[in-house]
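All residue numbers refer to positions in the sequence shown, counting from 1.
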Amino acid sequence: MFILMFSNSSAQYERQSIDTVVAFTPGTKQTSGQTPAFFPKNIVGVPDPRADTAVPVTDPRSVCSIGYGGTITVGFSNHVVVDGPGADFTVFENAFLFSSTRTYAEPATVEVSRDGIIYKLFPYNT
């Protein structure tokens, strides 16, 4: 996940990545990247630049599958997401085409909280 942050001193936005895993409850079926050898290092930073719609990245050093029914709560220890003009944050998924008519995806919902107690579900389209 990347965020765009507003810096009062420079009136600029800067790109930052999540740096905190608050909670993780793995789901079932897909478990790639969940072991301590890879997680949580594999979910911070920029997405793997090799990934695109035709070439999936499956390396557990770059991807963590949350699994069916799993949840993850992430955050920023030294940054704040600010409601500025345009997009304020982006969540990246590792979806890819595996035939001319089929897409592999692990759909999820995204909720955001100011206080870690009350969460707001973002609109989505499955």
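- Closest approach of S17 and G45 over heavy atoms only: OG-N, 2.7 Å.
- Following chains of ILVMFWY side-chain contacts shorter than 4.5 Å, one cannot reach V22 starting from V112, and the two form parts of different hydrophobic clusters.
- In terms of hydrophobic clustering, with Ile, Leu, Val, Met, Phe, Trp and Tyr side chains grouped at heavy-atom distances under 4.5 Å, V110 and V44 are assigned to a common cluster.
- Taking every heavy atom of both residues into account, P40 and V21 meet most closely at CB-CG2, 3.6 Å.
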Please test D19 against S77 for side-chain hydrogen bond (donor to acceptor under 3.5 Å, both in side chains), starting from the C-alpha separation and ending with a verdict. CA-CA 7 Å; D19 58 19; S77 59; 3.1 Å; yes
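- Proximity of N42 to V63: side-chain heavy atoms (C-beta onward) are nowhere separated by under 4.5 Å.
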Show, in sequence, the C-alpha distance, side-chain angles and deciding distance for F24 and I66, and conclude whether the side chain to side chain contact (heavy atoms under 4.5 Å, CB included) test is met. CA-CA 8 Å; F24 178 50; I66 297 169; 4.1 Å; yes
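- Taking every heavy atom of both residues into account, F39 and C64 meet most closely at CD1-SG, 3.7 Å.
- Atom OH of Y119 is surrounded by more than 12 heavy atoms from other residues, nucleotides or ligands within 6.0 Å.
- Taking CZ of F76 as the start and OG1 of T20 as the end, the distance is 8.5 Å to the nearest 0.5 Å.
- The structure places CD1 of I72 at 3.5 Å from CD1 of I43, a figure rounded to the nearest 0.5 Å.
- Rounding to the nearest 0.5 Å gives a distance of 10.0 Å between OG of S62 and CZ of F38.
- For the side chain to side chain donor-acceptor pair (under 3.5 Å) condition, no pair includes a residue of residues 27-36, sequence neighbours left out.
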